Amino acid sequence: MDTLSHTYVLKELGLNPKAQELINLIKYFLISDQQKLDFIKEARHKQMLFNYPVTMMGRLVRDLLWEIRLRRLKSTTLSLEQFLADYGSDPILALENMLQEHIQPGKMHRFASSGMTAEQMYWLHMRNPEDQMMELILKYEMSPSKKSTLI
């Protein structure tokens, strides 16, 4: 049974245990105790290797978590049909799997209010695979012709 919390990771790295953005990333990407311990070890190693000051540790941790996200994005292939089937069953889980990020209720509300469809989100993500959900929504909302430019 995994028992190490996200606050353990933050405290071990000398970071504020209430840093909500980092908490969300750690909860999403570091599931097992072993992943958390490996992450702490890697962060400490990079801090020493690159001589990061303690004040930059939050940035280093965020960058390392971002690297995990990018690796997952590159190793995930998802067809439109599979995404739409998953979206029909569980929209939040489908978006999390495709975008490799934690989707909070506020993001889902923003997505729904944007008028963007799941299919449009899929195609925009395919064109901008490293962008996070809010960036994709903003790109959609700023596109001159929302329907024709995305599909």
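Source: prediction; values computed, not measured. Throughout, residue positions are numbered sequentially from 1 according to the sequence presented. Because only heavy atoms are used, hydrogens play no part in the values below, and waters and symmetry mates are left out as well, while side chains stay in.
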Trace of the side-chain contact (heavy atoms from CB on, under 4.5 Å) decision for Tyr8 with Lys36: CA-CA 9 Å; Tyr8 173 82; Lys36 292 171 186 160; 5.7 Å; no
Should Leu138 and Arg110 be marked as a side-chain contact (heavy atoms from CB on, under 4.5 Å) after you check the CA-CA gap, both sets of side-chain angles, and the distance that decides it? CA-CA 10 Å; Leu138 288 172; Arg110 185 76 165 80; 3.7 Å; yes
Given the rule in the side-chain contact (heavy atoms from CB on, under 4.5 Å) test, do Phe39 and Leu65 qualify, once you have shown the distances and angles that lead to the verdict? CA-CA 9 Å; Phe39 183 82; Leu65 291 165; 3.7 Å; yes
Under the criterion side-chain contact (heavy atoms from CB on, under 4.5 Å), I'd like the reasoning laid out for Lys139 against Met116: C-alpha separation, chi angles, the key distance, then a yes or no. CA-CA 11 Å; Lys139 283 182 180 178; Met116 183 185 232; over 6 Å; no
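Between Glu96 and Asp86 there is no side-chain heavy-atom pair separated by less than 4.5 Å. Looking at heavy atoms from C-beta onward, Thr117 lies out of side-chain contact with Tyr122 at the 4.5 angstrom threshold. Trp66 places a side-chain heavy atom less than 4.5 Å from the side chain of Leu70. Two residues are said to be in side-chain contact when any heavy atoms from C-beta on lie closer than 4.5 Å; Glu135 and Leu99 fail this criterion. Between Leu37 and Lys41, the closest side-chain pair of non-hydrogen atoms is not below 4.5 Å. When side chains are defined from C-beta on, Glu12 counts as touching Arg44, because their heavy atoms get closer than 4.5 Å.
One distance of note links CG of Leu136 with CG of Leu124; it measures 5.0 Å at 0.5 Å rounding. Rounding to the nearest 0.5 angstrom, the gap separating the CG atom in Leu84 from the CD atom in Glu119 is 6.0 Å. Of the inter-residue distances, the one linking Leu64 atom CG with Met57 atom CE reads 8.0 Å to the nearest 0.5 angstrom. Rounding to the nearest 0.5 Å gives a distance of 11.0 Å between CG of Asn16 and OG1 of Thr7. Rounding to the nearest 0.5 angstrom, the gap separating the CG atom in Leu22 from the CZ atom in Arg59 is 11.5 Å. Rounded to the nearest 0.5 angstrom, His6 NE2 and Leu15 CG are separated by 12.5 Å.
Heavy atoms only, all atoms of each residue included: Thr76 and Asn97 are closest at CG2-O, 4.3 Å. Considering all non-hydrogen atoms of both residues, Arg72 and Gln100 come closest at CD-OE1, 2.8 Å. Taking all atoms of both residues into account, the shortest heavy-atom contact from Lys107 to His102 is NZ-O, 3.3 Å. Taking all atoms of both residues into account, the shortest heavy-atom contact from Ala43 to Leu13 is CB-CD2, 3.8 Å. Between Met98 and Leu78 the shortest heavy-atom distance is CB-CD2, 3.8 Å. The shortest heavy-atom contact between Gln35 and Leu30 is OE1-C, 3.6 Å.
At a cut-off of 3.5 Å, with distance as the only test, no side-chain donor of Gln82 or Ser79 sits close to an acceptor on the other residue.
When atom types are taken as modelled, the side chain of Arg69 and the backbone of Glu130 share a donor-acceptor pair closer than 3.5 angstrom. Remark: the backbone N or O of Leu93 is paired with a side-chain donor or acceptor of Asp90 at under 3.5 angstrom.
Screening Gln132, Met121, Met142 for a side-chain contact (heavy atoms from CB on, under 4.5 Å) with Ile137, the sole residue that qualifies is Met121.
Linking Ile, Leu, Val, Met, Phe, Trp and Tyr whenever their side-chain heavy atoms come within less than 4.5 Å leaves Leu73 and Leu95 in two separate clusters. The hydrophobic cluster containing Met48 does not contain Val61, counting ILVMFWY residues as joined when their side-chain heavy atoms lie under 4.5 angstrom apart, directly or transitively.
Between Tyr87 and Phe111, the ring planes lie perpendicular to each other; the angle is over 60°, past the 30° to 60° tilted range.
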